[in-house]
Every structure is written in C-alpha cells, then in structure tokens.
Engineer: 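Following this message is one structure expressed as structure tokens.
Chain naming here is simple, since letters A, B, ... match the order of the sequence lines and numbering starts at 1 in each.
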Number of protein chains: 2
Amino acid sequence: MPETAAPRGERRADRNSATRYGNRPTMKDVAARAGVGLKTVSRVVNGEPGVTADTERRVQEAIEALGFRRNDSARVLRKGRTASIGLVLEDLADPFYGPLSRAVEEVARAHGALLINGSSAEDPDREQELVLALCARRVDGLVVIPAGDDHRYLEPELRAGVATVFVDRPAGQIDADVVLSDNFGGARDGVAHLIAHGHRRIGFIGDMPRIHTAAERLRGYHTAMTDAGIPVTNSWTSLGVTDPQRVRRAAEEMLSGPEPVTAIFAGNNRVTVTVVRVLAERSRPVALVGFDDFELADLLQPGVTVVAQDAAQLGRTAAERLFSQLDGTLVTPERTELPTRLITRGSGELAPAK
Amino acid sequence: MPETAAPRGERRADRNSATRYGNRPTMKDVAARAGVGLKTVSRVVNGEPGVTADTERRVQEAIEALGFRRNDSARVLRKGRTASIGLVLEDLADPFYGPLSRAVEEVARAHGALLINGSSAEDPDREQELVLALCARRVDGLVVIPAGDDHRYLEPELRAGVATVFVDRPAGQIDADVVLSDNFGGARDGVAHLIAHGHRRIGFIGDMPRIHTAAERLRGYHTAMTDAGIPVTNSWTSLGVTDPQRVRRAAEEMLSGPEPVTAIFAGNNRVTVTVVRVLAERSRPVALVGFDDFELADLLQPGVTVVAQDAAQLGRTAAERLFSQLDGTLVTPERTELPTRLITRGSGELAPAK
DNA sequence: TAGAGCCTGGACAACGTTGTCAGATCCGAG
DNA sequence: CTCGGATCTGACAACGTTGTCCAGGCTCTA
C-alpha cells in the first residue's frame, strides 16, 4: 500500500533524512520500504507466526537497510511491562554492594529484565526521589536497600502492583518483603568467639543505632556479653558516623583508658579497616573481629577474623523473591534471614594482653 | 466536565478498581476527579505556567487522592528523550568498576538522568546484546567499556544520534569518543622504577594481549626494558587468562627457573593480589609493582607499590564527554588519555636478591 | 460601553508500538 | 467449478503523555 506510506513520505521528503540524527526509522518506514503492512513488520520483529518466508525476507532486508531498531518505549507503553527492575542502594562504589548488584543483575538477566540502579548516598530524601523516579519509569519491581526509616511514600506504588523487596535492612512503617543477614546472631557469635579466647574487656565500634543493622549488631554484642556474665562499661562502645577520624579516636580512647579493652569488635567493613590501621601502629597485640569480610583480610598480619555475610547471596535471594512476586507465586510479605559465617584468621584468636 | 469522564467511569465501574493491582490512574482519571481538562493536569504535573492557584490545588488533591504518578514511558515516547544513559562494563562486582559506575551515575544525576547498567562478563556477544537492548530502550547515551573489538554493529545507532563514549579500552572498527588511562606510560614508569632499584631480570604477568589495556601495558614493559638496554627473555613474560591458578603457576615458574626474576610487574589488580600471595609463601624477597591500586595495599607487609589509575575520574570524564555530546557542544570523536600515578609503598623498592 | 489583548483551560493529534478483527488469497475436495 | 477452510496480511484503535491551537472569559483603555 504505497498510499499508506505517502503522508510519511511527504513529511520526510528525502529518504536519507530518515537516517538523520535523532530521526530513527519506525516500523512504518520499514513497512513502506518492504511494501507490506505495519503489522506484518511487527510480526517479523517479534518472531510471531503467520508470515511467509518470502515476506519475512523482504522485511528483514528493509530492517537491515534502514538500521531499524524497535522502540521499546512504545512497546512498554502498549504492553504495560517494562522488563526492567530498579535497584536502589547506598553506594555502588562500596565493595559490599558491587557483588550484591551484580547478583541482582544476573537474576534479572535470567528473567529477561534490565537493571536500573541508583545510589542513595545514605540520604533518605535521595532514596525516595530515586525510588519514585524508578516507579515513574514503571519498573516492574524494586529492590531497595533503604536509607530512610519511613517508606509509607511507597504505599500507592505497592497498591499499584510494583513488586518490592527490601534488602539488608527492613522497610519502615510498611509491610514489605525483606531479606536480611543475621546481624544479631553474627555479632553475638563474633563477640562470643572473643570471650571464648579469654577476653572480658571487649570494645564495640559501630554505626549509628538508627541504622537497623547497626542496632542489631550492637544487640548481639550486648547479648554475648550478658550471656557470659560480663557487665558492659559505657566507654567500651562507640556508636556514630563511621568516618576514619572518629573511629580512630574511638579506638584509641578505648585502648588507653584506665581499663583498656583487650579486644575490639568492629561493626562494619570500614570500621574494621580503620581499626586494623590503628592496631598496626601499636605494639601491644589487641584481638579483633570484624563484621563483613573484605578482600585480602587473609593477607594481613595477622589475618583478620571476620563475621562474613554473603552479599551476592543477599542480592540473589532478594531478586528471586522479586520475580516470584511478579510471577504471582509469592503474595505475602516475608522476612528472610540469611546466616553469617565466622571466618577465623588469627586476629580474633589472640589472647588478651596482660 | 463529567461528560468527558463518563466513558472512563463506565469502563472502570467501581472507583476502587482504579487502585487495583496493575491498573494505575492516569492523567485522564485525575482530570475527571478534579473536574478539569486533561491538559491542565499535564500542566500542573510539569509545573507549566497558566494554571490558577485554585485549579492547581484541586488537581494536586486529585493526584494525592488517586496516588497518581506520571508514566514516564508515555512521556518518553512523546518527547523523544529518555533522560537515561546506559553503562556497559565488564563486571559490577569488580572493585575497579564500582567507583567508575558511581562516578558516571553522579554526573548523570547532575544532568537529571538515570543510569541503566549491565555487565558484559567480558563476553563480546553479551556486550552487543546489552548495548542493543539499551538502544532499544532509547537511552540518550551510552558509556561502554568494551569487551569485543568490533563495534560496527553500533553504526546505525551512532547515525541515529545515540551519544557514545568508550572507556578504558578503545572502540573497534569505528570512530568513537574514548577515554583511556595511560596504560603504556604507567607500565613503562612502573617497570623503570624497578630497573632504577637495580633489577634487570623482571617478570611481566598480564592479560591476553587482545585486550587493549593488556597490550599497552606489555608495550610499556618492553619499552622500559629496551630503554634500559635489557634484553627480554621469553620466559619472563606470561600473557593469558588471569585466573589465580594460571597466575600462580606463571609466577612460580619465573621465580624458579635457571634465571629467576628478581622482580615482577603485575598487569592488573587480580594478578597483583595473586602474586602477593605467592610471594608471601617464599622467603627470598622479590620486588613487586602492580598496575591498579587496591584497598589495603598499604597495610600489607611490605606495602604494595602500584601504578594507580583513577577509576572514578575515568568515569567522570567519560560521562561529562557524553553529556557534552548530547548538548551538542562536542561533535568530533576524540581520544582522551588520563595520567597514572606511581605510588611507592615498599614492595617496589626492594633491592634484587642475590 | 465596546473593542483589544491577555489569561486560563480544553479538544485534538501525534509519538511508535501491539492486539483485535476482518479481508484477501490459496489450496484441495466434492 | 465452486465452496470451505486454512493461512496470510493489513486497517484500526489503544496505550498515556505532550504540543498545538483555539475558545471563552476577563481586564483595561478609549
């Protein structure tokens, strides 16, 4: 039907202009060139049956010649599903989130979906901004590592059917699926490990307790101490922003008071590393167990004993639950808790110094 | 205009059904509820002028009540720009790419764009698949860390106006913008550093030379050796897949031959770490310089001397060039090369063992 | 008070695709 | 030779938004 193509042809007077910047060929163009109907092109592009080999060949040639690529935006609009999921995390540059993100991506890929991700930089407003932007893009689902503690802004989205899984920390004020590490148990076991090696004065340096993981780990510390009948002195714990300067000061204080600690439990990755630096500068050996594993921990002198959580497994589990929601397999929000693993490498097995 | 809303109202017999799973309210719904025209809602949502305060309030209330969120897919279709860019890299879990990705994200954010990313897993087919999927989504631009060496498949996309910047390695067979580290200069300087400390038998363990960065670093090694008048023996270089087993074997071989090397230049991150492990098992000190910095390199005994490249800067530069292309500021593809930095920490300053 | 000009709001088409449905074509069997 | 049915093809509407354009009401001035 050349008639169908005519108005289009008029608008784009010169055939070459179809390949000009920002003016991509559409199925209509392909159809005109191949001398077939619009829908036939759609059929070929989507591999639908009911097209003769000859017609298909003509269409393919036209696609090739014009450099046509289907516009998925239009497709999405029509079909309602975007085949993409969103991941909001704290900071992609953090070595903990890289593997997690990659794991989510792999699961998404297995389901034919792309991953859009964003870093909240631990800022609740930015988290909300990102999440809502992703919803506006109509991602099919969301994996969120929350920065804020109030997620009621998600309610309309949840009602509208956006599948959502929270990871690493639970959602605030709403009932949602969540995948966590056993922060409490891990910390408790780590501290108990130090106690088992003879320590009684054990320091704890962690994040602000308003962060769920930090609070849970602190609780684990207290539980282990209480279980062993050890009263905890206030000066042994330091909770707050975990920038190197503060952690350094905190470590130095608890190591030099009248009742210096003989062991330190570090509440996260960054803390552990800073503590390692502080300890490296001192002659008296101090035991150390850190939450979160990190690369090369085994190569340090001594190797650093850690409570490891499996970031990739966390991401994988979350993504799988997400797609279960999308399949309709899963309906009720659940709380999944993954175990942690104590990896002994030396630093946690040092005996208390006199 | 209740008349306008009527047909819609009929289709969704029950008002509640508008908030049912997968059936989101549209601007039409909002307009009906607020008793205004469709375009007025659009104006309010986009903050366009020409709406009285009272009308705006009514619309805002309807939006609130219905939990409306603009469908960006439709918007994209209409406007032609998606305000999103794609990033294709090798592996998000690799600590080198985390900061790079984050830097790209920050620049994108500053330009109001979201980042979609994908891991090619160093597989050219998967790279192409990802890139084309992103093009189908009509991302405004692409940042690609290429896995393959033939990117002619991108030609139709480039003609269609998809801004593209290659990072870390140049594009193959097409003329495109590219941002690189000075792999050649960095490796040359690193090896020269070893030579300056008295080494003559220096090993090189690197990736397959079909990877551009690997080839350049190898060239740097050869140049440094030649400049110093040192003939290179074949058994001193190992090129291939950089899995731990192979690297370990390679290192052990060059350390135990009749003419054992007294220093090793490691072609990348992973190689460096493996070599550190091998050297830690041996008593005789061997000097080591690695390409790429890594966390805790300073805490090892001895600290590891490295040729550092700034991954974040690489990402930032690439993203900025991308947006310059989109602004129209930039038209001619260019090759940008960022300097590397030698960081001395001890392992590269060891004198050759007898 | 009439006319000009501004401001607000809405009807309509278009973006590029897919689902529906009906028309056209071809084959073989009666 | 004709008819039924299977197969292939295309016209059309719809997805939810934004750009264009025009209508109607208002204010201001002469």
Engineer: Within the pair B:Ser73 and D:dG16, is there a side-chain N or O less than 4.0 Å away from OP1 or OP2?
Structural biologist: no
Engineer: Would you say A:Thr40 reaches D:dG10's phosphate, i.e. side-chain N/O to OP1/OP2 under 4.0 Å?
Structural biologist: yes
Engineer: Nucleotide by nucleotide, 5' to 3', does protein get under 4.0 Å of the base (B), only the sugar-phosphate (S), or neither (-) in nucleotides 17-24 of chain C, counting heavy atoms?
Structural biologist: BBBB----
Engineer: Please examine the side chains of B:Val143 and B:Asn117, heavy atoms only from C-beta on, and report whether any two atoms are closer than 4.5 Å.
Structural biologist: no
Engineer: Using every non-hydrogen atom in the two residues, find where B:Arg24 and A:Val162 come nearest and quote the distance to one decimal.
Structural biologist: NH1-CG2, 3.9 Å
Engineer: Measuring from atom CZ of A:Arg33 to atom CZ of A:Phe68, what distance do you get when rounded to the nearest 0.5 angstrom?
Structural biologist: 14.0 Å
Engineer: Looking for any heavy atom pair under 4.0 Å, which part of the strands does B:Gly50 touch: base, sugar-phosphate only, or nothing?
Structural biologist: sugar-phosphate
Engineer: Can you tell me which residue pairs pass the ring-ring contact (aromatic ring centres under 6.0 Å, His included) test with a partner in residues 110-141 of chain B, sequence neighbours excluded?
Structural biologist: B:His111-B:Phe323
Engineer: What's the CD-P distance between B:Glu56 and C:dC7, to the nearest Å?
Structural biologist: 17 Å
Engineer: Side-chain N or O of A:Thr55 less than 4.0 angstrom from OP1 or OP2 on D:dT9?
Structural biologist: yes
Engineer: So A:Val51, base contact, sugar-phosphate only, or nothing? Heavy-atom distance under 4.0 Å.
Structural biologist: sugar-phosphate
Engineer: Take A:Tyr153 and A:Glu127 through the test side chain to side chain donor-acceptor pair (under 3.5 Å) and record every step on the way to the result.
Structural biologist: CA-CA 11 Å; A:Tyr153 69 85; A:Glu127 172 206 305; 2.6 Å; yes
Engineer: Identify the residue among B:Leu115, B:Leu87, B:Leu114, B:Ile116 that makes a side chain to side chain contact (heavy atoms under 4.5 Å, CB included) with B:Val139.
Structural biologist: B:Ile116
Engineer: I need the CZ-C1' distance between B:Arg137 and C:dC15, as an integer number of Å.
Structural biologist: 18 Å
